[in-house]
Number of protein chains: 2
Amino acid sequence: MKTNHIANNSLFRGLPESDHEELARIGVKQDFLRGEIIFHEGEDGAGFYLVQSGMVKIYKISFDGKEQILHILGPGEPFAEVALFAGSAYPANAMAIEKSSVIFFPRQAFSDLISTQPSLALNMLGTLSLRLRQFAHMVEALSLKEVPGRLAAYILLENEKHQKNNEIKLPIAKSQLASLLGTIPETLSRILAKMTKQGLITATGSMISILDMEGLQDLADGETRLS
Amino acid sequence: MKTNHIANNSLFRGLPESDHEELARIGVKQDFLRGEIIFHEGEDGAGFYLVQSGMVKIYKISFDGKEQILHILGPGEPFAEVALFAGSAYPANAMAIEKSSVIFFPRQAFSDLISTQPSLALNMLGTLSLRLRQFAHMVEALSLKEVPGRLAAYILLENEKHQKNNEIKLPIAKSQLASLLGTIPETLSRILAKMTKQGLITATGSMISILDMEGLQDLADGETRLS
DNA sequence: CGCTGCGTTGAGCTTCTTCAACGATCGTGG
DNA sequence: CCACGATCGTTGAAGAAGCTCAACGCAGCG
């Protein structure tokens, strides 16, 4: 049921039931297969989206074809909200990285609702602020830390999120992770190998076990090199 | 007059006069000398700011002391709005890079106002979205482009902003610019020298003249190397 | 006049990317 | 059910880009 997905979302929390129904009414479910494009950078932003199931990546492509992932979004997370408020064009590309369902909210209908519902506007301010904070963190990471540091930070973050006795399963392919960390698969592979050799982690397939939490922490803080 | 600065701001545009007065009432003017800290990362965010005059930088510092500038803000631009909505701690440092006056809006008073004024909330959504878009651009630039490309993009952007027959005056010190571009002064200096030698620009002090617009454009797009 | 901050230049080195080849895995069609 | 191809991941060698460290010139200012 679409209404459920809408009610259980931080964006829409605290809104009256009538608004949830209204939202469910204006939202359109769309399905995408792995690899399908949801929208391209520069396209006219006709509205914004909410991930219902699956996984979506937001990314940019440079002239020479290298990709940088800006976000990876899972169920319950909204994307392309920016197109609603700042200009009309989508600022990046969106692709389903696995079979996914998303709910599309057309611009006009939604923005009508928002301008009469302060609490909805406040919720959106909250999510946008959070997004902004993540970006600030990302800029910092990209410019200040070397790749091993970024990877260490990622591993620790992922570990915090799921808390399963210091063992994490990468939610995305390694090549995708490389792009998220602002590097390329080869480099990522080498660094994983190095970390393993130094006894920081063990990596088999998409499972990573943390052996030396402190060592990783030092890397993430830039106190240590992975010589 | 404080009210003027408030009225002429995109954040507050379209609000009734009474709100402008209300804002002027809750806003507190603060003055800072060049180099003075406005707030530190991690400090409890008691409110947000608006630059009245001067110039403010938002930046992060890594463990080993390297700084990355996230924003440079001039008159009329707000900062630290994020602290209002997402958590209470400031996510970065703020410093006046020249003698500056800012208006400080305490958290509670402002957020009371916002929750009853949809148009104010909408304006804030607009500026936050814009900020997000800039960040997306920055992440792209940092990860995809090499330093010459970033510098070229910066020069062209600055030129667009002021449009003075292809001649720009750097608004910030070169060491600051280096940090903004995610590099260090030495590298910036070398690249400026290279660009000059290749006939793309001439640089004397803080003045830069553009000689080969196309060449710069190609660099910014990553189509060219500065061998 | 000397100090301090900023910018520049050089040399050496680390890190990352590029290019190429190869191995593993998985889904599909024969 | 096997074989094939595609995608993904790994590894090696070579090169480029940027960083560190160090020295120096220059300007502004007390």
Side-chain angles (χ1 to χ4, degrees), chain A residues 33-35 57 62-69 95 97-99 141-152 169-198 201-208 219 222 224-227, chain B residues 33-35 62-68 95 97-98 141-152 170-198 201-208 219 222 224-227:
Chain A
L33 296 177
R34 167 194 155 89
K57 75 173 172 189
S62 73
F63 178 81
D64 56 343
K66 197 173 151 195
E67 123 184 338
Q68 168 69 39
I69 294 179
M95 177 193 284
I97 57 179
E98 56 186 56
K99 191 168 170 302
L142 282 175
S143 76
L144 295 176
K145 289 182 204 133
E146 329 181 301
V147 180
R150 282 176 245 160
L151 175 58
K169 173 163 163 40
L170 295 178
I172 52 177
K174 282 185 184 159
S175 59
Q176 303 283 292
L177 177 57
S179 167
L180 187 64
L181 298 177
T183 185
I184 55 175
E186 291 97 317
T187 301
L188 176 61
S189 179
R190 285 183 239 275
I191 292 174
L192 279 171
K194 245 188 214 168
M195 283 185 170
T196 302
K197 196 170 349 180
Q198 301 213 352
I201 59 171
T202 55
T204 47
S206 66
M207 296 299 307
I208 294 182
L219 269 179
T224 296
R225 292 286 162 98
L226 198 56
S227 48
Chain B
L33 296 178
R34 166 193 156 90
S62 75
F63 178 80
D64 55 346
K66 197 173 151 195
E67 124 184 337
Q68 168 70 38
M95 176 192 285
I97 57 178
E98 53 186 61
L142 281 175
S143 76
L144 263 33
K145 287 183 208 133
E146 326 181 303
V147 179
R150 283 176 246 158
L151 175 57
L170 296 178
I172 51 177
K174 282 184 184 161
S175 57
Q176 304 282 292
L177 177 57
S179 167
L180 188 64
L181 298 177
T183 185
I184 56 174
E186 290 97 317
T187 300
L188 177 61
S189 178
R190 284 183 240 275
I191 292 176
L192 279 171
K194 247 188 211 167
M195 283 186 171
T196 302
K197 196 168 354 178
Q198 301 212 353
I201 58 171
T202 55
T204 46
S206 66
M207 296 299 304
I208 294 183
L219 269 179
T224 296
R225 293 285 163 98
L226 198 56
S227 47

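Heavy-atom basis, side chains included; hydrogens, waters and symmetry copies ignored. Order of the sequence lines fixes the chain letters, A, B, ..., with proteins taken first and strands second; residue numbering starts at 1 for each chain.
For the pair B:Lys194 NZ and C:dT8 C1', the interatomic distance rounds to 15 Å; values are reported in whole Å. Here C:dC16 presents its P atom at 15 Å from CD of A:Gln68, a figure rounded to the nearest Å. Distance CZ (A:Arg225) to P (D:dT20): 7 Å, rounded to an integer number of Å. If you measure from atom CD1 of A:Ile184 to atom C1' of D:dG9, you get 13 Å, rounded to the nearest angstrom. For the pair B:Leu177 CG and C:dT8 P, the interatomic distance rounds to 11 Å; values are reported in whole Å. At whole-Å resolution of the value, CG in A:Leu181 and P in D:dG9 are 13 Å apart. Rounded to a whole Å, the CD1 atom of B:Ile191 is 10 Å from the P atom of D:dA17. One can place NZ of A:Lys197 at 14 Å from P of D:dT10, the figure rounded to the nearest angstrom.
Across C:dC16, D:dC21, C:dG7, the shortest atom-to-atom separation from the side chain of B:Glu186 is found for D:dC21. Closest to the side chain of A:Pro185, from the set C:dT15, D:dG18, D:dT10, is D:dT10. Listed nucleotides D:dG9, D:dG18, C:dT15 differ in distance to B:Thr183; the shortest reach to its side chain belongs to D:dG18. For B:Arg190, whose side chain is taken as the heavy atoms from C-beta onward, the closest listed nucleotide among C:dC16, D:dG12, D:dC19 is D:dC19. If you check C:dC16, D:dT10, D:dC8 against the side chain of A:Arg34, the one that comes closest is D:dC8. Minimum atom distance to the side chain of A:Ser189 is reached by D:dT10, of the listed C:dT8, C:dT18, D:dT10.
Contact detail for B:Ala203 and B:Thr196: the closest heavy-atom pair is N-OG1, 4.2 Å.
Between D:dT10 and A:Lys174, a contact under 4.0 Å exists linking OP1 or OP2 to a side-chain N or O. Between A:Ser175 and D:dT7 there is no side-chain polar atom (N or O) within less than 4.0 angstrom of OP1 or OP2. Residue B:Thr187 places no side-chain N or O under 4.0 Å from the OP1 or OP2 atom of D:dG18.
Among the heavy atoms of the strands, none lies under 4.0 Å from B:Arg150.
Side-chain atoms of B:Lys174 come within 3.5 Å of backbone atoms of B:Gly205 as a donor-acceptor pair (strictly under, hydrogens ignored).
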Going through the checks in order, is the salt bridge (charged side-chain N to carboxylate O under 4.0 Å, His left out) test met by A:Lys57 and A:Glu67? CA-CA 11 Å; A:Lys57 75 173 172 189; A:Glu67 123 184 338; 3.3 Å; yes
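Screening A:Leu142, A:Leu188, A:Ile191 for a side-chain contact (heavy atoms from CB on, under 4.5 Å) involving A:Leu181 leaves a single residue, A:Leu188. Under the side-chain contact (heavy atoms from CB on, under 4.5 Å) test applied with B:Leu192, the options B:Thr202, B:Leu151, B:Thr187, B:Leu177 reduce to a single match, B:Leu151.
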